[in-house]
There are 2 protein chains.
Amino acid sequence: MDAYDSDERTSGAATTPGRRSRRTAADLDETAESGGDLDLSGLTGVVGYRLRRAQLAVFEDFNRRFQRFDLKPAQYSALLVIGDNPGRKQSEIAAALGIQRPNFVAMLDELERRGLAERTRSTTDRRSHAVVLTEHGRRLLAEARAEQAQQETDLGDLLGPGGRDALVSLLHRLTQAE
Amino acid sequence: MDAYDSDERTSGAATTPGRRSRRTAADLDETAESGGDLDLSGLTGVVGYRLRRAQLAVFEDFNRRFQRFDLKPAQYSALLVIGDNPGRKQSEIAAALGIQRPNFVAMLDELERRGLAERTRSTTDRRSHAVVLTEHGRRLLAEARAEQAQQETDLGDLLGPGGRDALVSLLHRLTQAE
DNA sequence: TATTGTTATACTCTATAACTATA
DNA sequence: TATAGTTATAGAGTATAACAATA
């Protein structure tokens with residue numbers, strides 16, 4: 001983990017960006033020596049900043065949990081989408097995940113190398129690859145889904161009743177509009 | 001923007017991961033040809049996934065807004081923290097932002113090259129650099145703060161009354177615990 | 001001519017080891 | 001011996017152009 005933990009709680013008027021600290025040049029020597037905490041009030045109420053930090057924290061937690069599967073978030077989401085959409089085109093899976101087609105090639109190569117997924121030539125359009133999970137892939141995905149459900153449960157405990165659902169709903173609205 | 005827009009709204013029981021779609025091998029030919037939307041229900045309720053997508057969307061919006069300042073999110077946050085903590089050590093600023101000390105060097109170099117910030121030798125400890133904003137940096141930061149406040153206002157409009165504050169609060173809780 | 005998968009490539013972010021100058 | 005700033009470097013992640021096979 002990195003060093004962002006020295007944070008302050010979000011102020012009441014969160015819409016207003018943090019107060020402008022009024023310091024003059026005369027304060028410089030003093031502040032330079034004081035080893036106290038920094039004033040981060042300008043960042044605490046900023047949605048983009050909070051989103052970034054929260055995403056990093058949750059991904060770190062994810063990586064800890066999924067170490068035993070050797071799966072990163074992007075790989076898990078790929079297995080999930082392939083598992084729920086067997087036989088779809090490689091490019092469709094990539095697009096659904098927001099991964100550029102060229103970048104998805106190496107990722108699928110790796111999943112295939114590990115025997116989790118397979119490319120099969122489509123009979124109708126010989127340009128495209130229909131992607132499916134192997135039996136091994138389905139078994140691993142089932143275990144991963146259980147671990148992922150556990151993370152959601154733990155996040156629910158952390159955020160209080162309804163908090164997790166509210167968060168998901170608010171986050172979803174951000175990706176619909178912008 | 002990338003191709004994640006083909007999303008579904010979050011289901012009622014958000015705590016439960018998306019339903020397991022039960023498809024047999026016999027369905028493969030059919031699904032391979034159907035050009036319909038993919039089933040992304042397994043991802044819609046996942047906090048980590050939603051966080052990542054939302055963060056990317058908000059950062060994209062940020063980048064559009066801050067194009068006229070030629071400031072990326074990390075640069076804006078650096079200006080903000082330096083502005084609110086003038087004279088603090090270079091490494092303190094970096095740590096507060098969660099940036100590795102080596103990686104902060106080039107970033108400060110760039111801010112200095114553009115005449116926005118300055119390194120000054122500390123009189124008490126000649127190893128460290130006290131970092132401050134230039135007058136130009138303070139003026140740019142003031143404008144940037146206004147634009148950033150506008151983004152928060154627009155996000156508030158998007159998320160409804162109290163929605164933005166609730167989001168900030170929920171996100172904050174995620175970075176305290178994990 | 002357009003699309004699918006692919007290769008090559010480049011650019012940004014991030015992480016670590018090791019050097020230097022100071023303490 | 002430890003710390004602050006720095007350099008070099010390596011690894012992810014991401015983006016674009018262009019090619020071969022196929023439609």
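FYI, side chains are in, hydrogens and waters are out, and symmetry mates aren't considered; it's all heavy atoms of this structure. Chain naming here is simple, since letters A, B, ... match the order of the sequence lines and numbering starts at 1 in each.
- The bend of the helix from C/dT1-D/dA23 to C/dA23-D/dT1, defined by the angle between the axes of its first five and last five pairs, stands at 10° to the nearest 10°.
- A straight line from CG of A/N63 to C1' of D/dG11 spans 15 Å, rounded to a whole angstrom.
- Judged by distance alone, the side chain of A/T120 and the main-chain N or O of A/A130 form a donor-acceptor pair under 3.5 Å.
- Ring orientation note: the planes of A/F59 and A/F62 are tilted relative to one another, at an angle of 30° to 60°.
- Residue A/Q100 places at least one side-chain N or O under 4.0 Å from the OP1 or OP2 atom of D/dA15.
- With B/N85 contributing its side chain and A/D39 its backbone, the two residues share a donor-acceptor pair below 3.5 Å.
- Tested against B/R65 for a salt bridge (Lys or Arg N to Asp or Glu O under 4.0 Å), the candidates B/E143, B/E147, B/E152 yield a single pass: B/E147.
- A donor-acceptor pair is defined here as one N or O able to donate and one able to accept, closer than 3.5 Å; such a pair exists between the side chain of A/R121 and the backbone of A/R127.
- Between the side chain of B/S169 and the backbone N or O of B/D165 there is no donor-acceptor pair closer than 3.5 Å.
- We find that CD1 of B/I99 is positioned 16 Å from P of C/dT12, with the value rounded to whole Å.
- Judged purely by atom type and a 3.5 angstrom limit, A/Q75 uses its side chain to pair as donor or acceptor with the backbone of A/K72.
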Please list, pair by pair, any protein nitrogen or oxygen found under 3.5 Å from a nitrogen or oxygen in nucleotides 8-11 of chain C.
none

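- A straight line from CZ of A/F59 to C1' of C/dT14 spans 15 Å, rounded to a whole angstrom.
- Per the geometry, CE belonging to A/M107 stands 15 Å off P belonging to C/dG5, to the nearest Å.
- A donor-acceptor contact closer than 3.5 angstrom is absent between the side chains of B/R173 and B/Q176.
- To the nearest 0.5 Å, the span separating CD on B/Q148 from CG on B/L141 amounts to 10.5 Å.
- What separates CD of B/E110 from P of D/dT6 is a distance of 15 Å, to the nearest Å.
- Of the possible donor and acceptor atoms, none in the side chain of A/R88 sits under 3.5 Å from a partner among the backbone N and O of A/I82.
- Using a cut-off of 4.0 Å between Lys/Arg side-chain N and Asp/Glu carboxylate O, B/R164 and B/D157 are scored as not salt-bridged.
- Phosphate proximity of D/dG13 to B/R52: absent, as no side-chain N or O sits under 4.0 Å from OP1 or OP2.
- Nucleotides of DNA chain D nearest to A/R126 and A/A74 differ in position, and the one nearer the 5' end is that of A/A74.
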Output one line per pair: protein atom, nucleotide atom from nucleotides 1-5 of chain D, and distance, for all N/O pairs under 3.5 Å.
residue, atom, partner, partner atom, Å
D/dT3, O4', B/R127, NH1, 3.4
D/dT3, O2, B/R127, NH1, 3.0
D/dA4, OP1, B/K89, NZ, 2.5
D/dG5, OP1, B/Q90, N, 3.1
D/dG5, OP1, B/H129, N, 2.8
D/dG5, OP1, B/H129, O, 3.3
D/dG5, OP2, B/S91, N, 2.8
D/dG5, OP2, B/S91, OG, 2.8
D/dG5, O3', B/H129, ND1, 3.3

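- With rounding to whole Å, A/F104 atom CZ is found 19 Å from D/dT16 atom P.
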